[in-house]
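Before any comments, here is the structure.
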Amino acid sequence: MKLSYGFGLEGEKLMGKMQVNAVFGLLFGCCVFYKIQASASDAIFYEPFDDPFDGRWVVSENDDYKGVWKHSKSEGHDDYGLLVSEKARKYAIVKELNENLNIKSQKVILQYDVRLQNELECGGAYLKFLQQQSTGWKPQEFDNNSPYSIMFGPDKCGNTNKVHFIFKHKNPKSGEYVEHHLKDPPSVPSDKFSHVYTAVLQPDNILQILIDGKEEKKTYFLSEKDFDPPLIPTKMIPDPDDKKPEDWDERAKIPDPEAVKPGDWDEDAPAEIEDDEAVKPEGWLDDEAEEIEDPEASKPEDWDEEEDGEWEAPKVANPKCAEAPGCGKWRRPMKSNPAYKGKWHAPLIENPNYNGIWKPRQIQNPHYFEVAEPNFEPISAVGIEIWTMQDGILFDNILITCDENVADLYRETTWKPKFEVEKAKHKAEKAVAASSDSFTRIRKGLFGLLYKIADIPFLNAYKSKIIEVLKRGEEQPNITVGILFSIFFIILTIVVTTLSGGKEKPPVCLQSKLIYFVGPRHETCFKVLEFPCLYMQANVTQGKMGMAAAQTSNNQRSTKEKESETKKATATAAAPPRRKSTRRDA
């Protein structure tokens, strides 16, 4: 049975296509939903912060951590996250895993996204993946001393700008835990977008750091060059008990003991002497001081000599000195002393007793060990323990998984849509700002040109009125178009009147005009300017041209009164000139 939609053949074809597309869209949506559900089961730990964190995450009760965490939407999205809500605070919050996660000898992906909504000038936005805590430890006690296995994420302050990756490793010989810092880590993106940070720990001892899915750093856990200090200690170390002999001479050169100071060497001769050949320039004002009291200064009315002391006028440069070579007592300038040699020193010679730079002898490192892979401590909890000067840091989508495909899917479905929206919004805002800047430059140039036009000699009679209108336009940018129209009309009327060749013209009146403006978002049109009625008339007999502005307020007279007065003025100007009466007329 074929359904008919009443749209004709083409319409039915279109509806059929729409049905097929809808089916495919539904199937695609189901596949994506299935993938997300499947990936959720593959995630060892996942926190989207869709629901309030109370009861699931534990805020530290340590007195040092006063920062308030909030369950908040990301700016411009309906997606929620964990928000750092206050500036200049320490924050600490933790969530324990259902069971400890062994991250040794297997692939592990640590991932989360964070948005620095107010950027990051000084503070951290990293996560701590905690190791098993001591017996009796409570999450409410979480602080910077709580042992962690891995610390990962952005940190920025002063010269520090890095995406940290630090892991703690227990030395099997000494029993001490040592922090190993990744060398040359990637920098923190400097914007307000959401960014996703991923650390991939491979079973072959490879570490990859990704930002927004792009590999920014690849390193080897066992390399001496990639971590500070290196995971595997050096075999030999300086002997801490070795001491430098007292007679050890590290001087490569010494003063020649046989050298003698020459007899004519004068150590007391000055480095500079007066130039005897210098002559005082003509016009030098010996009796004038370089500074004089400011003649325009006056003692303040509230000056109290008992409290403030005797008032003295401030000093200013003597204007007479500016026109002369100089003022005051003339002194000869100084020049280098050709006899100056300075303090005598014996020349240096090779030291016959030179032993070189002393170094302690090398011994076997008692804490040296070798491992085939890092011995990571199992992860028992995920915590955020930071100090920051910025608020607006939003954490979201914290993920631990052993499958890179799961991490990729979460990036594509949770982070990327937000990032694309934020990037598009930023691009649009930049375009609007650039357009506004361009308009401002054009407007400034136009007003500059109009001020120059106002200086044209034949416009002198109207210059003050033109300047008045221009200033009004500068104070109210939204009436720029109306101002340009007004000035154009004034100049055009003057030119036409001037070119009329001496024929008397009726007054030219520009009735009140309403200028409308449509906003960039198509807001309701609104009136931005009502021009005054400008009367222009040429008086040929007196050789003058005059302009009067009849400007009234809408609050004082009605529109009908304005129209009536305008008609009377026009009728009077249009009437033929009256001549004197004579006896013949009588």
Side-chain angles (χ1 to χ4, degrees), residues 32-33 35-61 65 67-86 89-98 101 109-120 123-130 139-140 142 148 150-154 189 192-199 211-213 379-386 388 390-401 406-422:
V32 171
F33 176 77
K35 285 183 178 179
I36 294 176
Q37 291 298 315
S39 64
S41 63
D42 294 330
I44 298 171
F45 174 86
Y46 178 59
E47 176 57 80
F49 293 107
D50 291 338
D51 300 319
F53 60 86
D54 299 327
R56 298 183 300 110
W57 288 72
V58 179
V59 178
S60 175
E61 296 179 359
Y65 300 93
V68 177
W69 295 99
K70 289 186 178 180
H71 183 242
S72 177
K73 286 184 179 180
S74 179
E75 183 179 337
H77 305 289
D78 288 330
D79 184 50
Y80 282 87
L82 182 63
L83 180 69
V84 170
S85 66
E86 298 176 316
R89 291 284 189 274
K90 287 184 177 181
Y91 292 80
I93 191 170
V94 66
K95 179 177 174 58
E96 293 184 289
L97 303 185
N98 294 329
L101 170 63
I109 298 96
L110 310 174
Q111 180 172 284
Y112 73 104
D113 59 69
V114 63
R115 186 179 184 189
L116 309 175
Q117 298 179 116
N118 296 323
E119 298 186 351
L120 187 63
Y126 42 78
L127 302 186
K128 287 185 175 180
F129 298 89
L130 306 186
Q140 291 85 353
F142 176 49
Y148 64 85
I150 292 174
M151 189 176 103
F152 172 54
K192 299 181 180 180
F193 301 152
S194 297
H195 292 284
V196 58
Y197 298 89
T198 309
I211 301 178
D212 298 343
I379 296 175
S380 64
V382 178
I384 306 174
E385 187 272 319
I386 58 175
T388 179
Q390 270 69 50
D391 58 353
I393 302 174
L394 193 76
F395 295 87
D396 201 4
N397 299 312
I398 302 174
L399 172 69
I400 304 176
T401 182
V406 173
D408 292 344
L409 181 60
Y410 272 103
R411 266 199 312 269
E412 292 298 314
T413 57
T414 61
W415 162 77
K416 193 170 184 179
K418 293 188 295 185
F419 178 74
E420 295 296 340
V421 169
E422 293 158 9

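- Contact between H195 and D212 at its shortest, heavy atoms only, is ND1-OD2, 2.7 Å.
- Legend: residues meeting ring-ring contact (aromatic ring centres under 6.0 Å, His included) with F53, ordered by chain and number and at least two apart, are absent.
- Considering only heavy atoms from C-beta on, F419 stays 4.5 Å or farther from V196 through its side chain.
- In this view, Y91 and W69 satisfy the ring-ring contact (aromatic ring centres under 6.0 Å, His included) rule, not counting sequence neighbours.
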Derivation and outcome, salt bridge (charged side-chain N to carboxylate O under 4.0 Å, His left out), residues E119 and K192: CA-CA 5 Å; E119 298 186 351; K192 299 181 180 180; 5.2 Å; no
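- Between Y126 and F152, the ring centre distance reaches or exceeds 6.0 Å.
- Across N397 and F49, no two heavy atoms sit closer than the pair N-CD1, 4.4 Å.
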Given salt bridge (charged side-chain N to carboxylate O under 4.0 Å, His left out), test K418 with D79 step by step and report yes or no. CA-CA 9 Å; K418 293 188 295 185; D79 184 50; 3.1 Å; yes
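- Residues K95 and P139 have side chains not in contact (no heavy-atom distance under 4.5 Å, counting atoms from C-beta outward).
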Tell me, with the steps shown, if V84 and I386 meet side-chain contact (heavy atoms from CB on, under 4.5 Å). CA-CA 10 Å; V84 170; I386 58 175; 4.0 Å; yes
With side-chain contact (heavy atoms from CB on, under 4.5 Å) as the criterion, how do Q111 and R411 come out once you've worked through the C-alpha distance, each side chain's angles and the decisive distance to 0.1 Å? CA-CA 9 Å; Q111 180 172 284; R411 266 199 312 269; 2.9 Å; yes
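- For the atom pair CG (L120) and OG1 (T388), the distance works out to 5.5 Å, reported to the nearest 0.5 Å.
- Across all non-hydrogen atoms, the minimal contact from R89 to G67 is CB-CA, 3.7 Å.
- Expressed to the nearest 0.5 Å, how far CG of D391 lies from CG of L83 amounts to 7.5 Å.
- Here the straight-line distance linking atom OH of Y197 with atom CG of D113 works out to 10.0 Å at 0.5 Å rounding.
- Taking a 6.0 Å sphere around CG of N98, one finds it holds 12 or fewer heavy atoms contributed by other residues, nucleotides or ligands.
- Once rounded to the nearest 0.5 Å, the distance linking OH of Y112 with CD1 of I398 reads 8.5 Å.
- With ring centers used as reference points, F142 lies 6.0 Å or more from Y65.
- Results of the side-chain hydrogen bond (donor to acceptor under 3.5 Å, both in side chains) test with W57 over E47, E96, H71 single out E47 as the only residue that passes.
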side-chain contact (heavy atoms from CB on, under 4.5 Å) for I93 and L82? Distances and angles first, verdict last. CA-CA 10 Å; I93 191 170; L82 182 63; 4.0 Å; yes
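- Looking only at atom types and distance, the side chain of S60 has no donor-acceptor partner in the side chain of Q140 under 3.5 Å away.
- Taking both residues in full, the closest heavy atoms of A125 and I393 are given as CB-CG2, 4.1 Å, listed atom of the first, atom of the second, then distance.
- Within the 4.5 Å cutoff, side-chain heavy atoms of L101 are placed close to those of I400.
- Taking all atoms of both residues into account, the shortest heavy-atom contact from Y410 to A43 is OH-CB, 4.4 Å.
- Side chains of D396 and Y80: no donor on one and acceptor on the other come within 3.5 Å.
- Minimum interatomic distance between I211 and P189 (heavy atoms only, all atoms of both residues): CG2-CG, 4.1 Å.
- Using a 4.5 Å heavy-atom threshold, the side chains of Y148 and V382 count as separate.
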Trace of the side-chain contact (heavy atoms from CB on, under 4.5 Å) decision for I379 with L97: CA-CA 8 Å; I379 296 175; L97 303 185; 3.9 Å; yes
Applying salt bridge (charged side-chain N to carboxylate O under 4.0 Å, His left out) to R115 and E422, what does each step give before you reach the verdict? CA-CA 11 Å; R115 186 179 184 189; E422 293 158 9; 3.4 Å; yes
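- S194 OG to L394 CG: the interatomic distance, rounded to the nearest 0.5 Å, is 7.5 Å.
- You'll find the side chain of L116 stays beyond 4.5 Å of the side chain of Q390, heavy atoms only.
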